[in-house]
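Just so it is clear, the values below take in all heavy atoms, side chains as well, and ignore hydrogens, waters and symmetry mates.
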Amino acid sequence: MGDILGSYDVLGAFWLTIRLAFFGALGALVLGTVVAVMRVSPVAVLRLLGTSYVNVFRNVPLTLMMVLSVLGVTYIMGLPLSQDVQQNAIRWAIVVLSVYHAAFVCEALRSGVNTVPAGQAEAARAVGLTFGQSMVNVILPQAFRGSVAPLGSVLIALIKNTTVAAVIGTADAAGLMQEVIENETGSFSVFAIFAIGFVILTLPLGLLFTHLSRRLAVKR
Amino acid sequence: MTEPLVVLKDVNKHFGDLHVLRDINLSIGAGEVVVVIGPSGSGKSTLCRTINRLETFETGSITIDGKTLPEEGKELAQLRADVGMVFQSFNLFAHKTILDNVTLGPIKARKTPKAQAEKRAMELLERVGVAHQAQKFPAQLSGGQQQRVAIARSLAMDPKVMLFDEPTSALDPEMINEVLDVMVELAKEGMTMVVVTHEMGFARKAANRVVFMADGQIVEEQAPEAFFTAPKSDRAKDFLGKILTH
C-alpha cells in the first residue's frame, strides 16, 4: 500500500475528483434551480421544457453522455472546450456532471417546493410580489430548507459519479485507479485506498447534511 | 359617497360543475365597511379572493378604483399591492422575522428604501401591539399575534382596500377580540374593508352594510341592525335562526 501511495500521485488524483465534484455541484445547483422554477412556473411552455429536461437527462446513462461529449461533441462536431486533451476532458466532465445532476437537483427542489404551504405563495402574491419576486424571496428559500436532505443525497451521488469521467480519460481518482491496476496489480489494497478516499469525502458530507436538514428546517 | 372603489359586475365562476359565484353585482364605496356572511359553501370566501384575483373568474368584470383587474403579470402584481389581504390561516412568511414579514412588500413591490420601510413597519407593529416581538419568527407567536402582524403587513402597503377572509376563524376564542379590536380601529379610521366573517358583534359594531350570500348568490344587502333584527329573505331568516339561538 505504501508503494502505491509513494509512487503515484493519489492525493493529486483525489484533488481533481474534488474539483470535478465542486464545479459539477455548483453547475448542477444553478441549472437545477432554473429547471425547477420552470417546472412550477405558470407558463405551460416553460413547464413542458422543464419536464422534458428532467425526463431526458434523468434517463440517459451518465457514461453515454460522457462519451458523447468527447467523441461526439468535441471530435465529430468540433467543439472542444480546450485545445489541451486533458483540460478538454475535465471541462466536458464538469459540464456533463452539471447537466446530468441538474435533473436530480430539480426533482429534490420540487419536493422541497411541495413542503411550502400554498398560503405562502398566496400571501406573497397578495402583497404585490411578481412571480419571480415571490419565488426568490418566499418560495425558494423555504424550498431549499425543505430539501436539504435529498440535495445531500444528490451531492454524494455526484461525488461518486465523478468516477465515470475516467471513461473520457480524466486523471481523477478512478482514472488513477485504472492506471495503478494496469501497471501493478488489482490487489485488495489498491481497492481499499480508493474506497477509503471516497468514504472520507462523502461520509462527513452525509452527516453534515443530516445536521443541516434539522437545523435549517422552517418551523411552522 | 363618491364613485365606488370596488365594483363587481355580473361575475360568474365555476369549480368544475359547481357554480360558486352567480351573477355577482356589488359596489363598495371608499371608506365603506362591508361584511359578507353566509353558510359555508355559499361562495363568500371565493368572492373575497376573486377581488384580488387569487381566484380567477369566467365572465363579468371587477374594477378597483376605476381600473379593470388585469389577467396576469406585472400589472396584476401592482394592483394587488393596492389591495390588502388578511387570510384565515395568517400565512406569515415562515422563514422571515416579524419585521421582515412587514417590510418585504414595501421593499420589493414599492421599492421603498429599507430604513424607511423598517421605520414604518415598527410604527405599524406598535399600533397592532406586537412591536416587542419584531425579531421573532412567526411560529414563536400566538395565533392572535400572528394575525395582527398579518394586518400590519397589509397596512404597510398603504392599501386602498383591505380584504379579510375569515380572519378570526382559526383563532382560539380568547384571541378573537384582540384581532377584532384592531379591525374596528381600522374601520373607524375610514379604511375600506370587505370582511368575510361569522362575528356578528363586529358586523354590528363596525359594518356599514351586511351582504348575505347563499349558494353563490347575493341574497340580501342591508344595514347590519336591520339585517340582524328583520331579515327579508327566508334563507337569511333560516341562517340567522341557526346561529343566533345559542
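- The parts of A:V138 that come within reach of chain B are both its backbone and its side chain, each placing non-hydrogen atoms under 4.5 angstrom from that chain.
- Most heavy-atom pairs under 4.5 Å with chain A, from the set B:A109, B:A139, B:A94: that is B:A94.
- Proximity to chain A (any heavy atom under 4.5 Å) is shown, for B:F137, by neither the backbone nor the side chain.
- Among A:N137, A:V218, A:L216, A:T130, the residue making the largest number of heavy-atom pairs under 4.5 Å with chain B is A:N137.
- Interface residue B:R49: only side-chain heavy atoms are found under 4.5 Å from chain A.
- Around NZ of B:K111, the count of heavy atoms belonging to other residues, nucleotides or ligands within 6.0 Å exceeds 12.
- When each of B:R153, B:R80, B:M157 is scored by its heavy-atom pairs under 4.5 Å with chain A, the top score falls to B:R80.
- Proximity to chain B (any heavy atom under 4.5 Å) is shown, for A:A124, by both the backbone and the side chain.
- Heavy atoms from other residues, nucleotides or ligands lying under 6.0 Å from CD of B:E58 number more than 12.
- The distance from the CG atom of A:L129 to the CD1 atom of B:I107 is 11.0 Å, given to the nearest 0.5 Å.
- Here the shortest heavy-atom pairing between B:F93 and A:A123 reads CE2-CB, 3.9 Å.
- In this structure, CE in B:M85 is found 10.5 Å from CZ in A:R125, a value given to the nearest 0.5 Å.
- For the set B:D82, B:L104, B:V83, the entry with the most heavy-atom pairs within less than 4.5 Å of chain A is B:L104.
- Other residues, nucleotides and ligands contribute over 12 non-hydrogen atoms within 6.0 Å of the CZ atom of B:F15.
- In the displayed structure, B:K108 atom NZ is contacted under 6.0 Å by at most 12 heavy atoms of other residues, nucleotides or ligands.
- Using a 4.5 Å heavy-atom cut-off against chain B, no residue of residues 24-39 of chain A qualifies as contacting.
- Around the CD atom of B:E126, the shell of radius 6.0 Å holds no more than 12 heavy atoms that belong to other residues, nucleotides or ligands.
- Between the side chain of A:Q120 and the backbone N or O of B:L92 there is at least one donor-acceptor pair closer than 3.5 Å.
- Your options are B:H95, B:Q140, B:K74, B:R53, and the one with the most heavy-atom pairs under 4.5 Å with chain A is B:H95.
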